[in-house]
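Structure first, commentary second.
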Amino acid sequence: MIAAQLLAYYFTELKDDKVKKIDKYLYAMRFSDETLMDIMKRFRRELGNGLGRDTNHTATVKMLPTFVRSIPDGSEKGDFIALDLGGSAFRILRVKVSHEKKQTVQMESQIYDTPEDIIHGSGARLFDHVAECLGDFMEKQNIKDKKLSVGFTFSFPCAQTKLNEFSHKQICCTMDYDADIMAVVNDTVGTMMTCGFDDQRCEVGIIIGTGTNACYMEELRHIDLVEGDEGRMCINTEWGAFGDDGMLEDIRTEFDREIDRGSLNPGKQLFEKMVSGMYMGELVRLILVKMAKEGFLFEGRITPELLTKGKFETKHVSSIEKSKEGLTKAKDILGRLGVEPSADDCIAVQHVCTIVSHRSANLIAATLGGILSRLKDNKGNPRLRTTVGIDGSLYKMHPQYARRLHKTVRRLVPESDVRFLLSESGSSKGAAMVTAVAYRLADQRRQITETLAEFRLTSDQLLEVKKRMRTEIQNGLGKKTHDSATVKMWPTYVLSTPDGSENGDFLALDLGGTNFRVLLVKIRSGKRRTVEMHNKIYAIPMEVMQGTGEELFDHIVQCISDFLDYMGMKNTRLPLGFTFSFPCRQTSLDVGILVTWTKGFKATDCEGEDVVGLLREGIKRREEFDLDVVAVVNDTVGTMMTCAYEEPTCEVGLIAGTGSNACYMEEMRNIEMVEGDVGRMCVNMEWGAFGDNGCLDDIRTEYDRAVDDFSLNPGKQRYEKMCSGMYLGEIVRNILIDLTKRGFLFRGQISETLKTRGIFETKFLSQIESDRLALLQVRSILQQLGLDSTCDDSIIVKEVCGTVSHRAAQLCGAGMAAVVDKIRENRGLNQMNITVGVDGTLYKLHPHFSGIMHQTVKELAPKCNVNFLLSEDGSGKGAALITAVGCRMREQEEQKS
């Protein structure tokens with residue numbers, strides 16, 4: 001018993017001593033984490049060089065675009081063919097993807113040999129052979145008469161310019177059957193797609209076998225060699241060539257250099273020669289030869305077998321490293337090489353194998369770490385959660401390789417949660433999945449394009465909208481047609497724009513949404529005209545907005561009282577201008593009869609009443625102060641007046657915000673509702689109701705109808721519902737629901753958030769459409785809305801937002817073109833210069849709305865040179881200016897009388 005223990009102790013000591021000597025001998029192959037981190041950084045730099053237009057030609061890691069833009073999302077279905085060409089034999093598969101209860105894949109395959117003379121012959125002969133075998137397979141499957149989509153795994157470096165380019169060129173001309181070759185796929189990409197079918201987080205693919213390579217999903221904005229910057233694309237890194245520029249010289253050993261010198265491609269694929277299964281056995285053999293020559297192994301014996309290239313294979317390395325039978329296997333394998341190993345020799349050889357394979361796993365971990373850290377940075381997340389799909393004989397068959405790789409990756413990239421998923425069906429199924437995804441995306445693209453086509457208005461359609469607006473303007477101005485007109489063209493009794501002589505202190509009220517403002521505006525005339533403003537904002541609760549009229553105006557008067565206290569002016573009887581941004585019929589400057597509530601207001605006993613009278617009654621009820629209400633003002637008119645104070649050529653006002661409206665200076669002779677035909681008067685168009693008579697039904701979509709049906713005022717303000725900020729987000733939400741129901745978005749899952757009316761505010765359109773915003777930030781906005789989106793989802797959402805807002809800007813432009821052309825014709829001008837004062841959040845904040853609207857006006861009214869001037873507080877300052885002009889004109893009338 002004691003003798004056995006001593007023997008075991010002696011053997012352990014001997015083994016430890018041997019291991020230490022080999023560790024020292026192969027010190028250059030053992031890397032610290034610091035060295036691996038440095039290699040990871042070098043590889044990160046090479047990834048960037050490969051992606052850059054100016055650096056790609058000198059980069060060793062070529063970063064080839066694959067034109068695979070999406071991983072499987074679980075909705076793929078159909079019957080596909082996959083070809084897998086990567087060696088002396090190739091496989092053809094029929095892959096059926098179905099949706100019964102859950103997504104399933106059925107596969108049938110056949111292997112075809114490729115004769116040696118064809119492998120080394122011309123490309124034409126090779127692809128003739130492939131086409132012939134494909135025909136044979138389709139005949140056996142009884143599908144030669146069907147047109148099936150084909151994916152082609154081609155496991156060699158390829159520079160692609162589109163997904164199906166390479167295979168189409170080579171195969172299509174040789175076929176006597178109909179097959180749609182949709183995709184050519186590298187085996188690494190096939191691995192990622194195979195695993196992506198089982199785990200939708202999979203965005204990296206790695207091959208660690210005879211050769212080695214990796215691919216991953218890169219942001220398109222970083223891929224200089226491909227046009228476009230939205231979405232992602234799978235990049236085939238071809239990382240085997242990492243180090244071909246000498247970047248890894250400090251870690252290559254004499255054995256690596258000897259391997260390279262004896263290879264078919266000296267100086268090329270240096271990284272692959274350090275890590276892949278094709279070279280690992282040979283690397284070990286060279287080490288053993290040197291150690292034997294130095295008397296460190298086999299008592300210095302060197303046999304012809306040991307000196308023969310290829311005699312020690314990578315599968316031998318895997319066998320020897322097995323924990324239980326490894327030493328026995330070593331004895332057997334070394335015995336066949338004629339070296340008659342001792343127990344010490346077997347231990348030593350096992351440790352050499354361990355060091356070589358461990359180095360391979362460490363180097364792969366460093367380069368994979370480079371990809372993972374780049375993915376993390378691309379996503380901007382504090383932690384990366386992803387899946388890596390892996391295939392290859394070295395990873396699968398080697399007993400310790402996977403564990404070492406996983407462990408090292410987690411040390412090098414600690415801020416990541418990585419799942420490693422073994423590819424079970426190889427790259428062939430992946431080719432079918434790429435094809436299935438390409439088929440899904442093509443069909444999806446066609447259907448989304450058809451859906452959004454209704455929003456894309458032609459020049460002829462926009463000219464027709466302009467023409468119809470002109471007709472409705474005429475109807476609104478005519479005495480006989482006014483009652484039935486949708487565009488009411490209300491007279492405002494504003495007869496003049498500011499002339500610069502206005503002077504005094506004025507109070508302004510601004511009611512046009514959920515917030516209400518009270519302002520004190522001090523206007524000073526003279527050489528240096530100045531306007532000084534003080535204001536306070538008050539909220540209007542929903543219960544007040546939709547309560548009684550008395551409650552609403554009592555709330556307004558209470559806010560005025562608070563403001564006058566705040567300014568210390570309760571004892572002064574100030575002239576007041578009341579900006580009331582709802583459709584009103586005015587009979588004089590200080591009488592405005594509310595036609596209908598909009599923007600969510602529903603206060604009772606107001607419609608058909610004079611809002612100035614309601615305000616005066618509210619002031620009287622409070623009995624705290626008195627005010628001289630001079631004018632009731634529409635915000636659009638206020639906008640025009642504010643801009644006219646700065647620019648005398650401004651005779652049009654436009655609001656493009658929560659609501660949409662316009663006003664302009666019309667000739668008195670054309671306003672049949674008002675007596676007199678000399679001079680001009682500002683007309684409040686209330687153009688939001690354009691189309692309420694059905695004249696726009698031919699361009700309204702099902703989504704417009706849905707938004708209208710569920711609004712507070714169905715059938716009313718139809719033009720406004722197509723082009724104003726209050727409704728654009730809701731149109732987008734309805735489109736997104738439809739696309740989700742059809743399986744194009746959010747994995748077909750309609751969240752509670754998406755079902756909530758009003759959740760998709762128009763401000764999100766402005767943010768999402770910003771040119772400076774990457775898709776990553778679009779996803780972040782969608783996540784704030786409770787929508788868990790993929791990169792592909794974000795692209796579609798951005799397109800939907802852009803389409804809806806583009807139509808809104810064009811429709812607004814068509815309306816404005818009708819207005820400016822009417823003014824030009826009124827004045828009998830062939831060419832006219834005019835300024836439009838504009839206000840509204842949609843115009844101000846949306847990144848593209850103003851530009852599209854300007855261009856539309858230019859195209860539809862080419863004889864008008866229109867300048868757009870942004871208003872500064874039209875509803876506040878404008879109300880005060882109208883009041884000031886009203887006071888000035890009142891004084892002039894009093895002086896005359």
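Counting begins at 1 with the first residue of the sequence.
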ask   = Does a side chain donor of either Lys721 or Asn713 reach within less than 3.5 Å of an acceptor in the other side chain?
value = yes

ask   = For the side-chain contact (heavy atoms from CB on, under 4.5 Å) test, which of Leu520, Ile523, Val521 pairs with Met533?
value = Val521

ask   = Do the side chains of Phe760 and Leu782 get nearer than 4.5 Å, heavy atoms only?
value = yes

query = Taking atom types as modelled, is there a side-chain donor on His848 or Glu769 under 3.5 Å from an acceptor on the other?
reply = no

query = Are the side chain of Asp692 and the backbone N or O of Gln717 linked by a donor-acceptor pair below 3.5 Å?
reply = yes

remark   = So OG1 of Thr458 and CD of Gln810: to nearest 0.5 Å the spacing works out to 9.0 Å

ask   = Between Lys480 and Glu672, is there a side-chain N and carboxylate O pair less than 4.0 Å apart?
value = no

query = Just how far is it from atom CZ of Phe553 to atom CD1 of Ile619, taken to the nearest 0.5 Å?
reply = 10.5 Å

message = Please give me the minimum heavy-atom distance between Phe764 and Ile759, naming the atom from each residue.
response = CE1-O, 3.7 Å

query = Do NZ/NE/NH1/NH2 and the carboxylate oxygens of Lys863 and Asp821 come within less than 4.0 Å?
reply = no

Pairwise side-chain contact, Gln586 with Val591, heavy-atom cut-off 4.5 Å (strictly under) = no

ask   = Between the main-chain N or O of Cys801 and the side-chain N or O of Ser805, is there a donor-acceptor pair closer than 3.5 Å?
value = yes

message = Taking the six-membered ring for Trp, are His854 and Phe849 closer than 6.0 Å centroid to centroid?
response = no

Atom pair CD1 (Ile750) and CG (Leu736), whose distance is rounded to the nearest 0.5 Å = 10.5 Å

key: Carboxylate-amine/guanidinium proximity below 4.0 Å for Lys877 and Glu646   = yes

inquiry  = Taking the basic N atoms (NZ, or NE/NH1/NH2) and the acidic carboxylate oxygens, is any pair closer than 4.0 Å for Arg669 and Asp677?
reply    = no

request  = Determine, step by step, whether Trp687 and Met816 satisfy the side-chain contact (heavy atoms from CB on, under 4.5 Å) criterion, reporting the C-alpha distance in whole Å, the side-chain angles of both residues, the deciding distance to 0.1 Å, and the verdict.
outcome  = CA-CA 10 Å; Trp687 76 4; Met816 186 48 62; 4.2 Å; yes

message = Please find the pair of heavy atoms, one from Ala631 and one from Ile882, that lie closest to each other, and give the distance.
response = CB-CG2, 3.9 Å

task = Kindly say whether Ser459 contributes a backbone atom to a donor-acceptor pair with the side chain of Glu464 at under 3.5 angstrom?
result = no

inquiry  = Tell me whether Thr579 contacts the main-chain N or O of Asp510 through its side chain, where contact means a donor paired with an acceptor under 3.5 Å.
reply    = no

ask   = Does the side chain of Asn515 pick up a donor-acceptor pair with the side chain of Tyr538 at under 3.5 Å?
value = no

message = Are more than 12 heavy atoms, taken from residues, nucleotides or ligands other than Glu675, located less than 6.0 Å from that residue's CD atom?
response = no

ask   = Of all heavy-atom pairs between Leu842 and Ser724, which one has the smallest distance, and what is that distance?
value = CD2-C, 4.3 Å

message = For a 4.5 angstrom cut-off between non-hydrogen side-chain atoms, does Leu519 reach Phe563?
response = no

Steps toward side-chain hydrogen bond (donor to acceptor under 3.5 Å, both in side chains) verdict (Asn661, Thr636) = CA-CA 7 Å; Asn661 193 18; Thr636 321; 3.2 Å; yes

NZ (Lys844) with more than 12 external heavy atoms under 6.0 Å = yes

task = Determine, stepwise, if the pair Asn833 / Asn867 fulfils side-chain hydrogen bond (donor to acceptor under 3.5 Å, both in side chains).
result = CA-CA 8 Å; Asn833 296 327; Asn867 173 42; over 6 Å; no

inquiry  = Under the side-chain contact (heavy atoms from CB on, under 4.5 Å) test against Leu615, which residue among Leu511, Ile560, Leu627, Val632 passes?
reply    = Ile560

ask   = Where the side chain of Glu609 meets the backbone of Val611, is there a donor-acceptor pair that is under 3.5 Å apart?
value = no

message = Tell me if a side-chain donor or acceptor on His482 pairs with a main-chain N or O of Gly476 at a distance below 3.5 Å.
response = yes

Residues Arg733 and Thr756: side-chain donor-acceptor under 3.5 angstrom = no

key: Working for side-chain contact (heavy atoms from CB on, under 4.5 Å), residues Tyr664 and Met640   = CA-CA 8 Å; Tyr664 70 98; Met640 180 190 77; 5.7 Å; no

ask   = Should the pair Glu472-Arg468 be classified as a salt bridge under the 4.0 Å nitrogen-to-oxygen rule?
value = no

query = Counting distance only, does the side-chain N/O of Glu551 pair as donor-acceptor with the main-chain N or O of Thr548 below 3.5 Å?
reply = yes

key: Presence of salt bridge, Arg680 and Glu667, under 4.0 angstrom   = yes

ask   = Closest approach of Tyr645 and Leu881, non-hydrogen atoms and distance?
value = CD1-CD2, 3.6 Å

request  = Would you mind checking if Asp704 and Arg718 are paired as a salt bridge, meaning a charged N to carboxylate O distance below 4.0 Å?
outcome  = no

query = Measuring from Asp635:CG to Ser581:OG, what's the distance to the nearest 0.5 Å?
reply = 3.0 Å

ask   = Side chains of Val487 and Tyr719: does their closest heavy-atom pair fall under 4.5 Å?
value = no

inquiry  = side-chain hydrogen bond (donor to acceptor under 3.5 Å, both in side chains), that's the test. Do Thr803 and Arg807 meet it? Break it down for me.
reply    = CA-CA 6 Å; Thr803 304; Arg807 183 191 67 162; over 6 Å; no

Arg616 and Asp610 ion-paired at < 4.0 Å = no

inquiry  = Please give me the minimum heavy-atom distance between Thr883 and Leu576, naming the atom from each residue.
reply    = OG1-C, 3.7 Å

message = Taking Arg705 first and then Asp697, would you say they form a salt bridge - that is, a charged N and a carboxylate O separated by under 4.0 Å?
response = no

ask   = About how many Å separate CD of Glu825 and CZ of Arg470, when rounded to the nearest 0.5 Å?
value = 4.5 Å

task = Check the pair Thr451 / Arg742 against side-chain contact (heavy atoms from CB on, under 4.5 Å), numbers first and verdict last.
result = CA-CA 11 Å; Thr451 298; Arg742 288 151 70 184; 3.1 Å; yes

key: Between CD1 on residue Ile737 and CG on residue Leu754, distance to nearest 0.5 Å   = 4.5 Å

query = Is a donor on one side and an acceptor on the other found under 3.5 Å between the side chain of Glu502 and the backbone of Val885?
reply = no

task = Could you go through the side-chain contact (heavy atoms from CB on, under 4.5 Å) check for Ile823 and Glu666 one step at a time?
result = CA-CA 7 Å; Ile823 296 170; Glu666 179 59 88; over 6 Å; no

task = Please report the shortest heavy-atom distance between Ala508 and Gly876, naming the atom on each side.
result = CB-O, 3.6 Å

task = Measure from the side-chain N and O atoms of His555 to the backbone N and O of Ala539, and report whether any donor-acceptor pair falls under 3.5 Å.
result = yes

task = Answer yes or no: is there a side-chain heavy-atom contact under 4.5 Å between Leu745 and Val797?
result = yes

inquiry  = Assess whether a salt bridge exists between Arg445 and Glu799, defined as any Lys/Arg side-chain N lying under 4.0 Å from an Asp/Glu carboxylate O.
reply    = yes

ask   = Does Glu607 use its side chain to pair, donor to acceptor, with the backbone of Thr596 at less than 3.5 Å?
value = no

task = With the side chain counted from C-beta on, respond yes when Asn634 and Thr492 share a heavy-atom pair under 4.5 Å apart, and no when they do not.
result = no

inquiry  = Tell me if the CZ atom of Arg585 is crowded by more than 12 foreign heavy atoms within 6.0 Å.
reply    = no

